[in-house]
Asks: 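First the structure, which I've put down as structure tokens, then a few questions once you've had a look.
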Amino acid sequence: MLLAAQSRQKSYADNRWRDLEFQVDDRAFLKVSLMKGVMWFGKKGKLIPRYIGPYRIIRKVGQVAYGLDLPSDLESAHPVFHVSMLRKCIRDPSRIMSVDDIQVTEQLSYQETPIAILDRQIQRLRTKDVASVKVLLRNNNVEEMTWEAEEDMKSRYPYLFSPPKKGLTEISQF
């Protein structure tokens, strides 16, 4: 029974396995993670981009590690990465993201900044009300909308909740 269970688990893992191999001078995207609080390589955020680059592969180190030609902005990061941190570059210009546009940190993470609050809703739970706001995020010419907790957004981004000025509301009525 133990061998049968082991074989079944191996077949599940083999279905998701992808044999990824690069050659020298190929291009590959590098995985980054969203920084909410403190996030490192392994944690994923819910927002894009997940990969930056593409970067040129300059050498193969072992069977599953590759050395990348990183720009001077990322010189503090070690240039050798496991194959799981890389994705093959498909020559589609819309997928190419610049490191300068998203301000990638030394830990290969980035932080989104909200532009505006679009909507507000209150969800009734058993004993309390939970207020959420629909936030418009903009990063690298891509606009994303997501629902976030209102209290969390007020504490981190109070400028989004400032009351409108009287002069502006009077002009908008005409």
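Heavy atoms only: backbone and side chains are in, while hydrogens, waters and symmetry mates are out. Sequence positions, counted from 1, serve as the residue numbers for this chain.
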Asks: Is the closest side-chain heavy-atom distance between M85 and V83 below 4.5 Å?
Replies: no
Asks: Test F81 against L70 for side-chain contact (heavy atoms from CB on, under 4.5 Å), laying out the working first.
Replies: CA-CA 11 Å; F81 296 93; L70 296 177; 4.0 Å; yes
Asks: CG/L86 to CZ/R27 distance, rounded to the nearest 0.5 angstrom?
Replies: 13.5 Å
Asks: Does any part of the side chain of R59, heavy atoms only, come nearer than 4.5 Å to the side chain of V80, both counted from C-beta?
Replies: yes
Asks: What's the verdict on side-chain contact (heavy atoms from CB on, under 4.5 Å) for E21 and K60, showing C-alpha distance, side-chain angles and the deciding distance?
Replies: CA-CA 10 Å; E21 189 170 332; K60 184 173 181 176; 3.7 Å; yes
Asks: Step by step, work out the side-chain contact (heavy atoms from CB on, under 4.5 Å) result for V133 and K154.
Replies: CA-CA 10 Å; V133 290; K154 276 186 181 179; over 6 Å; no
Asks: Can you find a heavy atom in the side chain of W147 that is under 4.5 Å from one in the side chain of V135?
Replies: no
Asks: Kindly indicate whether the side chain of R120, heavy atoms from C-beta on, has any atom under 4.5 Å from the side chain of E150.
Replies: yes
Asks: Once ring-ring contact (aromatic ring centres under 6.0 Å, His included) is applied, do any residues pair with F22, and if so which ones, sequence neighbours excluded?
Replies: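 Checked F22 against ring-ring contact (aromatic ring centres under 6.0 Å, His included); matches are Y66.
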Asks: Cluster question for you: counting only ILVMFWY and a side-chain heavy-atom cut-off of under 4.5 Å, with indirect links fine, are L20 and V64 together?
Replies: yes
Asks: Report yes if some heavy atom in the side chain of K134 is under 4.5 Å from a heavy atom in the side chain of I117; otherwise report no.
Replies: no
Asks: Can you check whether D119 reaches L136 side chain to side chain, under 4.5 Å on heavy atoms?
Replies: no
Asks: Can you establish whether the number of heavy atoms outside L125 located under 6.0 Å from its atom CG is more than 12?
Replies: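 Enclosed: over 12 neighbouring heavy atoms sit under 6.0 Å from CG of L125.
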Asks: Less than 4.5 Å apart, side chain to side chain, heavy atoms only: is that true for L68 and L30?
Replies: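 Counting from C-beta outward, L68 and L30 do come under 4.5 Å.
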Asks: With a 4.5 Å heavy-atom cut-off, do Y55 and L74 have their side chains touching?
Replies: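 Sidechains of L74 and Y55: in contact.
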Asks: Mind checking the CE-CG spacing from M153 to L160? Nearest 0.5 Å is all I need.
Replies: 6.0 Å
Asks: In the single-linkage hydrophobic clustering (I, L, V, M, F, W, Y; side-chain heavy atoms under 4.5 Å), do M1 and L3 co-cluster?
Replies: no
Asks: Does I57 form a side-chain contact (heavy atoms from CB on, under 4.5 Å) with D25? I'd like the steps, not just the answer.
Replies: CA-CA 5 Å; I57 295 179; D25 288 332; over 6 Å; no
Asks: To the nearest 0.5 Å, tell me how far R56 CZ sits from D26 CG.
Replies: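 Here the rounded value is 10.5 Å.
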